[in-house]
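Remarks on the structure that follows.
The chain is numbered in sequence order, starting from 1.
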Amino acid sequence: MVKSTIEKILTEELAEIWALLTNEEKRKLIDNFTIHNYKKNQIIYAEKEDPEYLWALIDGKVKKYKDGVGGRVQILRLVNPGQYFGYRAFFAGEPYVSSAATIEPSTLGTLPMSLVEEMISKNNRLAMFFIHELSRNLGNSDTKIVNLTQKHIRGRLAEALIVLLDTYGYEEDDNMTLKIYMAREDLANLSNMTTSNAIRTLSNFVTEKIIVVDGRKIKILNEPMLRKISKFG
């Protein structure tokens, strides 16, 4: 890919980091940034692999997940275009403790973590950016742990739907349909419940006229009620 195209992607899609760099660092970023195209449900990296790259989602949707007891999977985080992931394990000096995969066809960019480490050592603003990102993600993880362990099934599924809404938004044509079509199994894994419980709870929400379900499409009819269930469920 020509450098002008990479520079355009970096300045538009990864503006947060780009704005913190010196001209020399920007040149190094352009020279070392690699674009990758992934198919739907393709693994990006797997648990126990050694971290080598900072991953940036340019287009598409990505989930970070961890295999649990008895083959159960827990989705830990959903990644939005313009967000970064896969770097925590490198800073911790350990292999990946979770895996990442695409939810739909996606375009991603990579930077060698050795270069990121070199730039952080010389750029205090970039170092503070990563400290802020790690701290924010840690806070979100703490909140998720409490919610998954203390909320009932209805509250957990409602929260999962709100997470999808807050992360990806609505389809523009109706401003009601979630802009992500997630399999029931993935929805259950995001909510820490069995697939059968997820399907049953979705059906209850349909009966209560909170949502409408059409295959993998979910239309939210009563967002305030869904947020209320998510908060107090």
Side-chain angles (χ1 to χ4, degrees), residues 1-39 41-67 74-145 167-168:
M1 184 174 289
V2 296
K3 290 185 177 181
S4 60
T5 303
I6 290 179
E7 183 173 357
K8 185 174 186 295
I9 290 173
L10 289 169
T11 56
E12 293 180 0
E13 304 297 334
L14 308 179
E16 282 185 302
I17 283 183
W18 185 260
L20 303 175
L21 304 180
T22 65
N23 288 334
E24 181 183 354
E25 289 167 341
K26 289 176 180 177
R27 179 186 57 77
K28 287 184 178 180
L29 208 66
I30 293 171
D31 290 342
N32 290 275
F33 194 76
T34 305
I35 305 296
H36 310 266
N37 292 307
Y38 279 75
K39 299 177 181 179
N41 295 327
Q42 187 173 352
I43 294 176
I44 300 166
Y45 60 77
E47 188 174 346
K48 297 182 180 180
E49 289 182 354
D50 290 327
E52 297 182 61
Y53 301 103
L54 168 74
W55 290 87
L57 180 59
I58 298 168
D59 184 55
K61 297 177 177 67
V62 166
K63 62 183 177 182
K64 290 185 62 181
Y65 64 94
K66 187 173 179 63
D67 294 326
Q74 178 66 55
I75 294 179
L76 306 173
R77 178 186 164 201
L78 298 170
V79 183
N80 242 343
Q83 292 184 330
Y84 313 91
F85 63 101
Y87 55 86
R88 186 212 61 83
F90 180 88
F91 289 142
E94 63 186 23
Y96 286 121
V97 297
S98 61
S99 304
T102 57
I103 298 174
E104 64 183 31
S106 302
T107 302
L108 297 103
T110 55
L111 272 176
M113 280 303 302
S114 56
L115 175 61
V116 175
E117 186 177 41
E118 175 190 324
M119 291 193 297
I120 284 176
S121 68
K122 301 174 182 177
N123 187 326
N124 290 335
R125 293 200 302 163
L126 187 61
M128 287 304 300
F129 170 83
F130 281 104
I131 290 172
H132 175 265
E133 287 293 294
L134 287 167
S135 300
R136 185 175 58 82
N137 290 336
L138 179 60
N140 290 339
S141 295
D142 289 347
T143 300
K144 186 177 181 67
I145 289 172
T167 303
Y168 299 116

Quiz item: Which atom names give the shortest non-hydrogen contact between E16 and G82, and what distance separates them?
Solution: OE1-O, 4.4 Å
Quiz item: Nearest heavy-atom pair of L57 and T107: which atoms, and what distance?
Solution: CD1-O, 3.7 Å
Quiz item: Looking only at heavy atoms, which two atoms of P51 and G86 are closest? And how far apart?
Solution: CB-O, 4.2 Å
Quiz item: When rounded to the nearest 0.5 angstrom, what distance separates CD1 in I30 from NZ in K26?
Solution: 9.0 Å
Quiz item: Do the side chains of V62 and L108 get nearer than 4.5 Å, heavy atoms only?
Solution: yes
Practice problem: Might you work through the side-chain contact (heavy atoms from CB on, under 4.5 Å) test for F90 and E117, ending with a clear yes or no? | Solution: CA-CA 9 Å; F90 180 88; E117 186 177 41; 3.7 Å; yes
Practice problem: May I ask you to decide if L111's main-chain N or O and N32's side chain share a donor-acceptor pair within less than 3.5 Å? | Solution: no
Quiz item: With a 4.5 Å heavy-atom cut-off, do T102 and I44 have their side chains touching?
Solution: yes
Quiz prompt | Heavy-atom pair with the smallest gap, counting every atom of Q83 and L78 | solution = OE1-O, 3.9 Å
Quiz item: Would you say the side chain of P105 lies within less than 4.5 Å of the side chain of K39, judging by non-hydrogen atoms?
Solution: no
Quiz item: Quick one: are the ring centres of Y53 and F85 less than 6.0 Å apart?
Solution: no
Quiz item: In Å, rounded to the nearest 0.5 Å, how long is the span from CD of E12 to CG of L14?
Solution: 10.5 Å
Self-check item: Main-chain N/O of E47 paired with S99 side-chain donor or acceptor, under 3.5 Å
Solution: yes
Quiz prompt | Ion pair R88/E133, N-O distance below 4.0 Å | solution = no
Practice problem: For the pair K66 (side chain) and V97 (backbone), establish whether a donor and an acceptor sit closer than 3.5 Å, ignoring hydrogens and angles. | Solution: yes
Quiz item: Would you say F33 and L54 make side-chain contact, with heavy atoms under 4.5 Å?
Solution: no
Quiz item: Any side-chain heavy-atom pair from H132 and M128 closer than 4.5 angstrom?
Solution: no
Quiz item: Once you round to the nearest 0.5 Å, how far does CG of L134 lie from CZ of R136?
Solution: 10.0 Å
Quiz prompt | Value rounded to 0.5 Å, distance of CZ in F91 from CD1 in I131 | solution = 9.5 Å
Practice problem: I would like to know whether I9 and I58 meet side-chain contact (heavy atoms from CB on, under 4.5 Å); could you show each step before the answer? | Solution: CA-CA 8 Å; I9 290 173; I58 298 168; 3.8 Å; yes
Quiz item: So, do Y38 and E104 sit near enough that their side-chain heavy atoms are less than 4.5 Å apart?
Solution: no
Quiz item: Between atom NZ of K63 and atom CD1 of I103, what is the distance when rounded to the nearest 0.5 Å?
Solution: 6.5 Å
Quiz item: Would you say the side chain of S98 lies within less than 4.5 Å of the side chain of K64, judging by non-hydrogen atoms?
Solution: yes
Self-check item: Nearest non-hydrogen partners of L21 and N123, listed with the distance
Solution: CA-ND2, 4.0 Å
Quiz item: For Y168, is the NZ or CZ atom of K61 found under 6.0 angstrom from the centre of its six-membered ring and inside 45 degrees of the ring axis?
Solution: yes
Practice problem: Could you tell me the separation between the CG atom of L29 and the CG atom of L115, rounded to the nearest 0.5 Å? | Solution: 7.0 Å
Quiz prompt | Positive for ring pair (Phe, Tyr, Trp, His ring centres under 6.0 Å) with Y87, one of F130, Y96, W55 | solution = F130
Quiz item: Can you name the nearest heavy-atom pair linking L126 to M119, along with the distance?
Solution: CD2-CB, 3.7 Å
Exercise. State, with a plain yes or no, whether a side-chain heavy atom of R27 is found less than 4.5 Å away from one of E24.
Key: yes
Self-check item: Under-4.0 Å salt bridge between K28 and E118
Solution: yes
